[in-house]
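Structure first, then comments.
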Amino acid sequence: MSRDDSGPDGRVLLREATAADAGPLTRLFLDSRATSMPYLPKVHSDEDTLAWMTHVVLPGTTVRIAETGAGELLGFASLDGTELEHLYLRPDARRRGIGSLLLAEARRLAAGELTLYVFQRNTDARAFYERHGFTAVEFDDGSRNEERMPDVRYRWTADRA
């Protein structure tokens, strides 16, 4: 499935991820986390992260990629039912509407309800989701994630949009 959308910086294409995307998605994931959340401990090697992307994320969730018309990777979203597992952008692709485009696609796929976790310290992501109608419904001490960083569970429903 592909869809063309006009982003603020030109044409942005959304498409389903394939197994061949594992390497580029892993690099984007690692670069995005290092840039936007430098406080996170690194709990896995790059090789283990690639294996996780290859054997867990890609086959186990619905992954949509945002890329330029020329095929340049800009970001991705991973959805497991109504749980938005991941939404990451290339560090230089932030604040161009690409995250909003990926989130809109996740909402469409989830058909009416989305939940997600965000690290409490990730104030940019929290503000992004709150701008898009998500409500904080639970605060955690970090015991549920590998990084052991406190997080927030957010929820969005179509009837509140």
If you measure from the Lys or Arg side-chain nitrogens to the Asp or Glu carboxylate oxygens, is any gap between D92 and R96 under 4.0 Å? no

NZ/NE/NH1/NH2 to OD/OE distance under 4.0 Å, D124 and R95: yes

Basic-acidic side-chain contact under 4.0 Å: R153, D140: no

Compare all side-chain heavy atoms of F128 with those of E130 and state whether any distance is below 4.5 angstrom. no

Whether the E83 and Y117 side chains hold a donor-acceptor pair (N or O, under 3.5 Å, no angle test) is what I'd like checked. no

Test side-chain contact (heavy atoms from CB on, under 4.5 Å) on R15 and R64 and set out the steps. CA-CA 5 Å; R15 66 170 175 85; R64 292 294 186 265; over 6 Å; no

Side-chain heavy atoms of L114 within contact of L79, under 4.5 Å: yes

Which of parallel (below 30°), tilted (30 to 60°) and perpendicular (above 60°) describes F134 and Y129? perpendicular

So H86 and F29, would you call those rings parallel, tilted or perpendicular, with 30° and 60° as cut-offs? perpendicular

State, to 0.1 Å, how close L102 and F76 come at their nearest heavy-atom pair, and which atoms those are. CD1-N, 3.6 Å

Heavy-atom side-chain proximity of R155 to T135 below 4.5 angstrom: no

Please check this pair: side chain of N145 against backbone of M149, looking for a donor-acceptor N/O pair closer than 3.5 Å. yes

Donor-acceptor side-chain pairing of D46 and T49 below 3.5 angstrom: no

Using a strict threshold of under 4.0 Å (side-chain N to carboxylate O), is an ion pair present between R33 and E147? yes

